[in-house]
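Quick note on labels: first sequence line is chain A, next is B, and so on, each numbered from 1. Computed from a prediction, not measured in an experiment: that's the story for all the values here.
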Protein chains: 2
Amino acid sequence: MLTAMSLRQRKQQRAREQIVDAAFALFAERGFTDVTVADIAERAEVGRTTFFRYFGDKQEVVFSDEQRIIDDWTARYRALPHTADVPDAMVRLREFTVALCREMTADPAHYVLHETLLADNPELHDRSMRKLQRLVAAMSEELRGRGVPEPAATLAPQVALACYRTGRHTAGVDPAALPGAVDAAFEQLSEFTSGKAPFPP
Amino acid sequence: MLTAMSLRQRKQQRAREQIVDAAFALFAERGFTDVTVADIAERAEVGRTTFFRYFGDKQEVVFSDEQRIIDDWTARYRALPHTADVPDAMVRLREFTVALCREMTADPAHYVLHETLLADNPELHDRSMRKLQRLVAAMSEELRGRGVPEPAATLAPQVALACYRTGRHTAGVDPAALPGAVDAAFEQLSEFTSGKAPFPP
DNA sequence: TACTAACTGGTACTCAGTACCATAATGGAC
DNA sequence: GTCCATTATGGTACTGAGTACCAGTTAGTA
């Protein structure tokens, strides 16, 4: 499966990598907005038209990695053992989300550059959120399939996303701190309701 | 304060309204992408340049109302009585969010058109989320100022947003169902952790 | 009424994204 | 290896968003 790739496919993969490499190099130098698609195409030694054949728009190239990771983890979540118990689903979501954070920060330098681009360009941040929402939606779909009723099936992954966002905020720019911060956010979750007993003191 | 407005300001407000009205009329007819800024400017009887003087980009005009509501409610949240108790903050967030939903759906026809535009144009949906995140960030800031420690200060409004998104999903296109659905999502929240006793059976 | 400051809209530009086309390269059949 | 159908490539030309600039006009003020 590793070598089962035609010359055409290998060339395409190489072109794709050249585009991504060229793009990130230029983005690191000048930022997202000050790099044109023509610049990227030129450095990648492909035509401008070809760029748009590989990436629907200029933003997509920023997420070539993130998209792959999300697709990958969407499949992994679907492969998880089934359960219809809501608290149990939350525990699994917690583990899953923290593990995903670990993978996202596996290459710290790239993660920092990626996050820097998002921080400097609101429209990229938006796009990133859209991609995460796709993962969230896939998770909800899976939970529904497992018999989790609404609104829990929709809410649980949304809450997991809330914890991720919170962890990302508290961790700041430090990649190493992200998984722990996200886990802490999940921990905090229980204090929201548990502190409020059905029979107040 | 109502009539304390110069001729210049009145003219500007009128131009602004003309642009918004023209834009929504055209969007309702042809959708967001098939309407150009030149089309809007023409129908609003202003120059294309003037459009960009009032709205930073074509998307902004879609959110002229939403932005006003969010600014308004950001101020209202800041004016809420202070408390540093986390479960109490969640209860207040719940009431606040549901009330905000009621205002957002106060004009059902406009709400439906707005939601339809967001549903048909992912980039508009992204932009809407960005605006809500501003509200969420302002709330977190406020909670921090009230002495709520991290990560609760960041997490609580994020969870409220998760409930809003969930309610929006379960309510579907029905404006009247939104506040109730969002409230139900908050209710569901307590079941996430309360079902899991510290000492499993 | 005259002056100054601000608003207007037109022109011209850059760049993202799309449609189209001629050319070149690939992979398969023989 | 040769031929052919398929497919990728990159160039040209276009539309539309967004920006910079500028001359003309209009509101507020003395």
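Of the residues in residues 14-26 of chain A, not one places a heavy atom less than 4.0 Å from an atom of DNA chain C.
For A:Q12, the side chain to side chain donor-acceptor pair (under 3.5 Å) test picks out no residue, with sequence neighbours left out. Listed by chain and number, the residues in a ring-ring contact (aromatic ring centres under 6.0 Å, His included) with A:F52 amount to none (sequence neighbours excluded). Residues satisfying the side chain to side chain donor-acceptor pair (under 3.5 Å) criterion with B:T36, sequence neighbours excluded, are B:D39. When the ring-ring contact (aromatic ring centres under 6.0 Å, His included) test is applied to A:F27, the partners found at least two apart in sequence or on another chain are A:F32. Applying the side chain to side chain donor-acceptor pair (under 3.5 Å) test to A:R43 and every residue at least two apart in sequence or in another chain returns A:E29.
One can place CG of B:N121 at 16 Å from C1' of C:dG17, the figure rounded to the nearest angstrom. Rounded to whole angstrom, the span from the OH atom of A:Y54 across to the P atom of D:dT7 amounts to 15 Å. Computed from coordinates, the A:E42 CD to D:dT9 P distance equals 18 Å when rounded to whole Å. Rounded to an integer number of Å, the gap from CD of B:Q12 to P of C:dG9 is 11 Å.
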Side chain to side chain contact (heavy atoms under 4.5 Å, CB included) between B:V159 and B:F186, worked out: CA-CA 9 Å; B:V159 167; B:F186 274 96; 5.6 Å; no
Contact pattern, 5' to 3', of nucleotides 24-30 of chain C - B, S or - by protein heavy atom under 4.0 Å: -BBS---
Base-contact (B) and sugar-phosphate-only (S) positions in nucleotides 11-24 of chain D, heavy-atom cut-off under 4.0 Å, - elsewhere: BBB--SSBB-----
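Contacts of A:F55 with the nucleic acid, taken as non-hydrogen atoms under 4.0 Å apart, are absent.
Applying the ring pair (Phe, Tyr, Trp, His ring centres under 6.0 Å) test to pairs two or more places apart or on separate chains, none has a residue in residues 122-181 of chain B. Legend: side-chain hydrogen bond (donor to acceptor under 3.5 Å, both in side chains) pairs involving residues 44-58 of chain B, not counting sequence neighbours, sorted by first then second residue: B:D57-B:R127. Screening residues 69-85 of chain B for salt bridge (charged side-chain N to carboxylate O under 4.0 Å, His left out) gives B:D72-B:R76, B:R76-B:E103 as the qualifying pairs, with residues at least two apart or on separate chains. Counting only residues at least two apart or on different chains, the salt bridge (charged side-chain N to carboxylate O under 4.0 Å, His left out) pairs with a member in residues 153-176 of chain B are B:E115-B:R168.
Residues A:R16 and A:S64 have side chains that never bring a donor and an acceptor to within less than 3.5 angstrom of each other.
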